[in-house]
Amino acid sequence: MNQFSKTRVLTGITTSGTPHLGNYVGAIKPAIEASQDPSVQSFYFLADYHALIKCQDPKRVQQSRLEIAATWLALGLDTDNAIFYRQSDIPEIPELTWMLSCVCAKGLMNRAHAYKAAVAENEEAGNQDPDKGITMGLFGYPVLMAADILMFNAHKVPVGRDQIQHIEMARDIAGRFNHLYKGEYFTLPNAVVDEKSQVLGGLDGRKMSKSYNNTIPLFVGEKKLQKLVRKIKTNSLEPGEPKDPDTCTLFQIYAAFASDEETAAMRRQYAEGIGWGDAKNQVFEYLNAHLAEPRERYNALMEDPGHIEAVLQRGAERAREETAVTMDKLRATVGLGRFS
């Protein structure tokens, strides 16, 4: 099947943190499964330009890029089928971002959730300038996200509910460009929200997120993993007292990795009053066994950054075979083509 006749699915991963169990369950696992589907042309990229919006720590960004690339490869991303690249290796992306910025209404960006939240925070703090501390990166990043998507004419973009607005903005910007330049230059993308994908709870019971500092890193060492599992918040019910698995973060984490049969067995143990110490030991042992092989692959990859670099360079070459042609066409479309 020709790659241009396949359904095109695009996913970006911001490189500002260490991948954790919540990332794996909510995004990485379903994406890796999709990468192995021959009827889908998948694009996976390290969104390192996006990382600069919130993180001005060069070492953190560099380390996160390495950790995230190693994580995806260790977990089995099919880089023969999928195109896996760094955003910053594709110079056509910022070029397209500027072209799209020139047709994007400022009013559209004023309505972006992240910008409105930052303004609201300033107003609540009593700042006279509602834009205090807000960079053009934060204000305009939906345009960069639109460029990521439209560059490859992605049909589907898997996102969480909080990102649906950005896909709608990408559609608006694409429609405006197509209308102004009288052609079908861009496919209008669709957001795909997996209703079955889980949002895991963290150590404190809130959503697992690096902003809450409550995560369990995916490939943390065995002793540290045990320590973190023991820190998961539970209630004060004693051994022998029935416990509710459906309101328990510990059970939710276990169920995200276990089979239906294993989950049902654990549910019975909750009904029979399993003690929290015993439950935490079982969850730790299960996670440790489940993650042992990919953790070994991850550690080997982290020791061989040259291999990761070679994989990403191959991915960038494949991506640029397309982006270079697309930008030649778009430059001519807007009047920036060569004279001969």
Side-chain angles (χ1 to χ4, degrees), residues 13-14 16-31 54-55 60 64 67-68 71 75 113-114 117-118 120-121 124 158-164 193-260 262-291 294-295:
I13 316 99
T14 305
S16 57
T18 298
H20 54 72
L21 297 186
N23 297 143
Y24 173 67
V25 171
I28 302 174
K29 185 182 177 186
K54 289 187 178 178
C55 185
R60 174 68 277 185
S64 179
E67 289 174 353
I68 290 173
T71 296
L75 289 167
H113 296 322
E121 204 172 289
E124 283 167 22
V159 290
R161 291 205 162 277
D162 60 334
Q163 292 285 320
I164 292 174
V193 179
D194 184 354
E195 300 295 348
K196 297 195 295 288
S197 88
Q198 298 179 57
V199 177
L200 278 195
L203 301 177
D204 57 3
R206 291 183 294 176
K207 172 188 171 183
M208 191 177 289
S209 168
K210 60 180 179 288
S211 58
Y212 293 147
N213 196 27
N214 67 352
T215 66
I216 300 177
L218 193 53
F219 294 130
V220 72
E222 189 171 324
K223 286 184 179 175
K224 180 73 171 171
L225 176 62
Q226 185 174 37
K227 189 176 176 182
L228 288 169
V229 169
R230 284 179 176 161
K231 284 176 71 175
I232 294 170
K233 188 178 178 182
T234 51
N235 58 36
S236 57
L237 290 172
E238 297 289 335
E241 294 184 83
K243 297 167 180 66
D244 181 6
D246 298 321
T247 58
C248 177
T249 299
L250 190 64
F251 180 85
Q252 185 203 25
I253 290 172
Y254 178 81
F257 289 85
S259 68
D260 290 345
E262 289 163 335
T263 302
M266 179 65 89
R267 188 176 283 277
R268 284 193 295 274
Q269 290 191 68
Y270 268 64
E272 291 161 4
I274 187 173
W276 289 127
D278 187 13
K280 288 181 176 182
N281 284 339
Q282 286 194 43
V283 171
F284 157 69
E285 284 165 14
Y286 191 90
L287 286 177
N288 193 46
H290 190 84
L291 296 171
R295 184 198 292 143

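Quick note: numbers below take in every heavy atom, side chains included, and nothing from hydrogens, waters or symmetry partners. Positions are given from 1 along the sequence.
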Which heavy atom in P242 sits nearest to a heavy atom in L237, and how many Å separate them?
-> O-CD1, 3.6 Å
Give, for atom OG1 of T215 and atom CE of M208, the distance between the pair rounded to the nearest 0.5 Å.
-> 6.5 Å
Distance (rounded to the nearest 0.5 Å) between E285 CD and L225 CG | 11.0 Å
Between the NZ atom in K29 and the CG atom in N23, the distance rounded to the nearest 0.5 Å is 14.5 Å
Counterpart residues, side-chain hydrogen bond (donor to acceptor under 3.5 Å, both in side chains), relative to Q269 (two or more places apart) | Q282
Decide whether S16 and T14 meet the rule of one side-chain donor and one side-chain acceptor closer than 3.5 Å.
-> no
Residues two or more places apart in sequence or in another chain: which of them pass ring pair (Phe, Tyr, Trp, His ring centres under 6.0 Å) with Y24?
-> F257
Any pair counted as side chain to side chain donor-acceptor pair (under 3.5 Å), so long as it reaches residues 224-236, sequence neighbours left out | N235-W276
Nearest heavy-atom neighbours spanning L228 and P217 | CD1-CD, 3.8 Å
Short question: side chain of K280, backbone of I232 - any donor-acceptor pair under 3.5 Å?
-> yes
By side-chain contact (heavy atoms from CB on, under 4.5 Å) - contacts of Q163 (at least two apart) | Y141, M145, V159, H166
Residues 221-240 vs ring-ring contact (aromatic ring centres under 6.0 Å, His included), sequence neighbours excluded, gives none
Rounded to the nearest 0.5 Å, what's the gap from CG on D260 to CD on E262? Could you check?
-> 9.5 Å
Non-hydrogen atoms of G202 and T249 that approach each other most closely | O-CG2, 3.4 Å
Where do G26 and P30 come nearest, in terms of heavy atoms and distance?
-> O-CG, 3.8 Å
By side-chain contact (heavy atoms from CB on, under 4.5 Å), which residues pair with D204, not counting sequence neighbours?
-> R206, N214
What side chain to side chain donor-acceptor pair (under 3.5 Å) pairs are there with at least one residue in residues 237-247, not counting sequence neighbours?
-> D244-T247, D246-R267
Hey, could you give me the CG/CG distance between L75 and L291, rounded to the nearest 0.5 Å?
-> 8.0 Å
For the pair L287 and L21, evaluate side chain to side chain contact (heavy atoms under 4.5 Å, CB included) and give the outcome as yes or no after the intermediate values.
-> CA-CA 10 Å; L287 286 177; L21 297 186; 4.0 Å; yes
Partner set under side-chain hydrogen bond (donor to acceptor under 3.5 Å, both in side chains) for E67, not counting sequence neighbours = T18, R60, Q63
Over all heavy atoms of both residues, which pair between L250 and A279 is shortest? Give the atoms and the distance, please.
-> CD2-CB, 3.7 Å
Are I13 and I28 side-chain neighbours, meaning at least one heavy-atom pair lies under 4.5 Å?
-> no
ring-ring contact (aromatic ring centres under 6.0 Å, His included): which pairs involve residues 221-255, sequence neighbours left out?
-> F251-Y270, Y254-Y286
Please name the pair of heavy atoms, one in S64 and one in G17, separated by the smallest distance, quoted to 0.1 Å.
-> OG-O, 2.8 Å
